[in-house]
Visitor: 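Mind having a look at this structure? Questions to follow.
Counting starts at 1 for both ligands and their atoms, in listed order. Nothing fancy with the numbering, it's 1 onward along the sequence.
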Amino acid sequence: MSSSPLVVTDVTIVGGGIAGLWLANLLCARGYNVTLFERGGVGGEQTLASQGMIHGGLKYALSGNLTKSSEAIAKMPVRWRECLAGRGEIDLRALAPLSERYYLFAEASTFGQLTSFFASKSLRGRVKKLKPTDYPPAFAEFTGVVYELDDFVLDTSALLRELLEPIADRVLHHDFDPKTCFLGNRAVGTPVRLHIGNARIETDRLILCAGTATQSLLDDLKIPSPTMQLRPLHQVIVRHAYPHPLYAHCLTRIRRAEPRLTITSHRDGDGWLWYLGGQLATRGVDKSTEELSLHARDELEECVPWINWAEARFSTLRVDRAEPKQESGQRPDEAFAQTCGNCIVCWPTKLSLVPDLGDRVVELLDPPRHAAQVSFGLSSANVAPFPWRM
Ligand SMILES: Cc1cc2nc3c(=O)[nH]c(=O)nc-3n(C[C@H](O)[C@H](O)[C@H](O)COP(=O)(O)OP(=O)(O)OC[C@H]3O[C@@H](n4cnc5c(N)ncnc54)[C@H](O)[C@@H]3O)c2cc1C
């Protein structure tokens, strides 16, 4: 009787969202022998449902305070721009941003004290008040104030395709089952043993990047810590005939330090659909699709009154953000990677923070040991469709 082949690898990654794909590229470039398992379409859970903003966290400082943790995310737009210019850790020269800039807008009276905060030395170079003649086309008829941020927006599908292309033979379509995974004595240096179809794999490190599914993997693998928190969102998709895309936070008459609407635009046939997050989505989790659609129409009529919303069509999308559990239940401001013996558990917590995640994981790994890449007969995973195309 022939025994099943043994494949020896440095790293096995579970989950092909932005975290898994970024890490796989980073580690392959550093000589690690990497295999990634994705159970569905690449990016098909949080990553393609995200708004694609690469931001420096200014939207979290609308109370007028920059915290220490908001400094970590502030560096991310520059890190990503380096990648887009071909000078970063991942070569993204072929990727054109959906929008080179992101904006803040509101009726003039809203800004109040924020005006001096935005003009302060601590925000130099990160936010700039625009003259009306410099407003992007979607604001041509807007009479309020527009600020330009140093943030930008990526087409997440194009981003995932760019990351998948050089390593497609290592990104395999397979539902990783923790019951077929043996951690041995769990210590660093003890190989993790996996049974995948006909093959047996021995891998030095198992990296969990499974997003919302990570907690159940941790439970099944009997890893008690870290634990996960979910923060639900109820996003709104608006189809309309307005010809210009808009990428902006609306702050008109906000009463809490969170944008009232966070708007991105995405190609939809010959036109654009607008994808709405912000307070609308966080506070919309208790609303039904019908209630939230009506509310979104009211919000757009009030915040973006220069567009006629009568013919617009609304739909909604429920999606959870997965993060490491915080004592306060608040949002974490940094990427998360923690060693648990021969496993590493990751949540980027934001698309923007994936370069930070990469730094942390590289720090946690020993040098690569297994040069040869061995194939074991599974097909490659493909990029999933955007949730609004399904
Ligand atoms: C509505 C929304 C808007 C957002 N907007 C932004 C934004 O504009 N900017 C920003 O910086 N961040 C944003 N975020 C956050 C960002 O999208 C996430 O932090 C990031 O996409 C998480 O990536 P991930 O790879 O960890 O998870 P996911 O993208 O969820 O990937 C996890 C993958 O693991 C796979 N998987 C799970 N279990 C298994 C298994 N057993 N075997 C194999 N595969 C498995 C899943 O199929 C999935 O593809 C947003 C999030 C949401 C929900």
Visitor: Specify the protein heavy atom at minimum distance from atom 5 (N) of ligand 1: its residue, its atom name, and the distance to 0.1 Å.
Guide: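 Checking every protein heavy atom, the shortest distance to atom 5 (N) of ligand 1 gives Gln51 N, 3.1 Å.
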Visitor: Which pair of heavy atoms, one from Ile54 and one from Met76, lies closest together, and at what distance?
Guide: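 Scanning both residues completely, I find the closest heavy atoms to be CG2-O, 4.4 Å.
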Visitor: Distance under 4.0 Å to a non-hydrogen atom of Asp175: what atoms of ligand 1 satisfy this?
Guide: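 Every atom of ligand 1 under 4.0 Å from some heavy atom of Asp175: 40 (C), 41 (N), 42 (N).
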Visitor: Are Arg260 and Glu299 close enough for a salt bridge, meaning some N to O gap below 4.0 Å?
Guide: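 A salt bridge is present here (some side-chain N lies under 4.0 Å from a carboxylate O).
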Visitor: Nearest to atom 3 (C) of ligand 1 by heavy atom, Ala210, Gly43, Ser50, Gly41: which?
Guide: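 Answer by nearest heavy atom: Ser50.
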Visitor: Given Gly40, Ser352, Ala322, Gly57, identify the one with the heavy atom nearest to atom 11 (O) of ligand 1.
Guide: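 Residue with the shortest heavy-atom distance to the ligand atom: Ser352.
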Visitor: Tell me whether the rings of Trp306 and Phe105 are parallel (<30°), tilted (30 to 60°) or perpendicular (>60°).
Guide: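 Aromatic pair Trp306/Phe105 classed perpendicular.
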Visitor: Within ligand 1, which atoms have a heavy atom of Gly211 less than 4.0 Å away?
Guide: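 Atoms satisfying the 4.0 Å criterion: 27 (O), 32 (C).
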Visitor: Charged N to carboxylate O below 4.0 Å: is that the case for Glu100 and Arg81?
Guide: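 The answer is yes: the pair qualifies as a salt bridge.
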Visitor: Any chance you could measure His240, atom NE2, to Leu273, atom CG, to the nearest 0.5 Å?
Guide: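 Answer for the NE2-CG pair, His240 versus Leu273, is 7.5 Å.
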Visitor: Go through the side-chain N and O atoms of Arg186 and Thr190 and say whether any donor and acceptor fall under 3.5 Å apart.
Guide: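 Side-chain D/A pair, Arg186 to Thr190: absent.
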Visitor: Any nitrogen or oxygen of Gln46 lying under 3.5 Å from a nitrogen or oxygen in ligand 1? Just yes or no.
Guide: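 Checking ligand 1 against Gln46, an N or O pair does fall under 3.5 Å apart.
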Visitor: Would you indicate which of Lys350, Glu323, His55, Arg39 comes nearest to atom 37 (C) of ligand 1 when only heavy atoms are counted?
Guide: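 Among Lys350, Glu323, His55, Arg39, the closest heavy atom to atom 37 (C) of ligand 1 belongs to Arg39.
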Visitor: Run the salt-bridge test on Arg30 and Glu89 with the 4.0 Å N-O cut-off and return the result as yes or no.
Guide: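 No, this pair does not count.
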Visitor: Are Leu276 and Val285 linked, directly or through intermediate hydrophobic residues, by side-chain heavy-atom contacts shorter than 4.5 Å (ILVMFWY only)?
Guide: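 Shared cluster, no.
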Visitor: May I ask you to identify the nearest protein heavy atom to atom 53 (C) of ligand 1, giving residue, atom name and distance to one decimal place in Å?
Guide: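 For atom 53 (C) of ligand 1, the nearest protein heavy atom is Arg321 CG, 3.6 Å.
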Visitor: Work out which heavy atom in Tyr275 is nearest to a heavy atom in Ala49; give both atom names and the distance.
Guide: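 Between these two residues, the closest heavy atoms are OH-O, 2.5 Å.
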Visitor: Tell me which one of Leu351, Val153, Val14 gets a heavy atom nearest to atom 10 (C) of ligand 1.
Guide: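 Of the listed residues, Leu351 has the closest heavy atom.
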Visitor: Which class fits the ring pair Phe37 and Phe176: parallel under 30°, tilted 30 to 60°, perpendicular over 60°?
Guide: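 It falls in the parallel class, under 30°.
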Visitor: How far is atom 25 (O) of ligand 1 from its nearest protein heavy atom, and which residue and atom is that?
Guide: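 Scanning the protein heavy atoms, the shortest distance from atom 25 (O) of ligand 1 goes to Ala19 N, 3.0 Å.
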Visitor: If you look at every heavy atom in Gly341 and Val188, which pair is closest and at what distance?
Guide: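 Looking at all heavy atoms of both residues, the shortest contact is O-CG2, 3.4 Å.
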Visitor: Taking only heavy atoms of Val319, which atoms of ligand 1 are found under 4.0 Å from at least one of them?
Guide: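 Those qualifying, in numeric order: 1 (C), 53 (C).
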Visitor: Counting only heavy atoms, tell me which of Met76, Glu38, Glu45 gets closest to atom 49 (O) of ligand 1.
Guide: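 It is Glu38 whose heavy atom sits nearest to atom 49 (O) of ligand 1.
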Visitor: Quick one: look up the protein heavy atom nearest atom 34 (O) of ligand 1 and list residue, atom name and how far away it is.
Guide: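 For atom 34 (O) of ligand 1, the nearest protein heavy atom is Gly15 CA, 3.2 Å.
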Visitor: Tell me the protein heavy atom at minimum distance from atom 9 (N) of ligand 1, and give that distance in Å.
Guide: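 Among all protein heavy atoms, the one nearest atom 9 (N) of ligand 1 is Met53 O, 2.8 Å.
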Visitor: Less than 3.5 Å between some nitrogen or oxygen of Ala49 and one of ligand 1, yes or no?
Guide: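 No; the residue has no nitrogen or oxygen that sits under 3.5 Å from a nitrogen or oxygen of the ligand.
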Visitor: Based purely on interatomic distance, does Thr47 place a nitrogen or oxygen under 3.5 Å from a nitrogen or oxygen of ligand 1?
Guide: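 Yes - when backbone and side-chain N and O of Thr47 are compared with those of ligand 1, one distance drops under 3.5 Å.
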Visitor: Should the proximity of Gln235 to ligand 1, defined as any heavy atom under 4.0 Å, be assigned to the side chain, the backbone, both, or neither?
Guide: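 The answer is the side chain of Gln235.
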Visitor: Which of these passes side chain to side chain contact (heavy atoms under 4.5 Å, CB included) with Tyr103: Val146, Val127, Leu149?
Guide: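 Going through Val146, Val127, Leu149 one by one, the side chain to side chain contact (heavy atoms under 4.5 Å, CB included) with Tyr103 is satisfied by Val146 alone.
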Visitor: For atom 41 (N) of ligand 1, which of Tyr275, Trp80, Phe176 has the closest heavy atom?
Guide: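 Closest candidate by heavy-atom distance is Phe176.
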Visitor: By number and element, which atoms of ligand 1 are closer than 4.0 Å to a non-hydrogen atom of Ala213?
Guide: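 Ligand 1 atoms under the 4.0 Å threshold to Ala213: 37 (C), 38 (N).
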Visitor: Check each of Gly17, Pro387, Pro348 against atom 26 (O) of ligand 1 and report the one with the nearest heavy atom.
Guide: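 Of the listed residues, Pro348 has the closest heavy atom.
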Visitor: Quick one: nearest non-hydrogen protein atom to atom 20 (C) of ligand 1, plus distance?
Guide: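 Heavy-atom neighbour on the protein nearest atom 20 (C) of ligand 1: Ile18 CG2, 3.9 Å.
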Visitor: Hey, is Phe37 one of the residues with a heavy atom under 4.0 angstrom from ligand 1?
Guide: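 It does; at least one heavy atom falls under 4.0 Å.
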Visitor: For Phe139 together with His244, are the ring centres under 6.0 Å from each other?
Guide: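 No, too far apart.
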Visitor: With heavy atoms of His174 as the reference, note each atom of ligand 1 found under 4.0 Å away.
Guide: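 It comes down to these atoms of ligand 1: 42 (N), 43 (C).
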Visitor: Under 3.5 Å, N or O to N or O, is Gly20 touching ligand 1 that way?
Guide: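 No; the residue has no nitrogen or oxygen that sits under 3.5 Å from a nitrogen or oxygen of the ligand.
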Visitor: Side chain of Gln51, backbone of Thr262: donor and acceptor closer than 3.5 Å?
Guide: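 Confirmed, Gln51 side chain pairs with Thr262 backbone.
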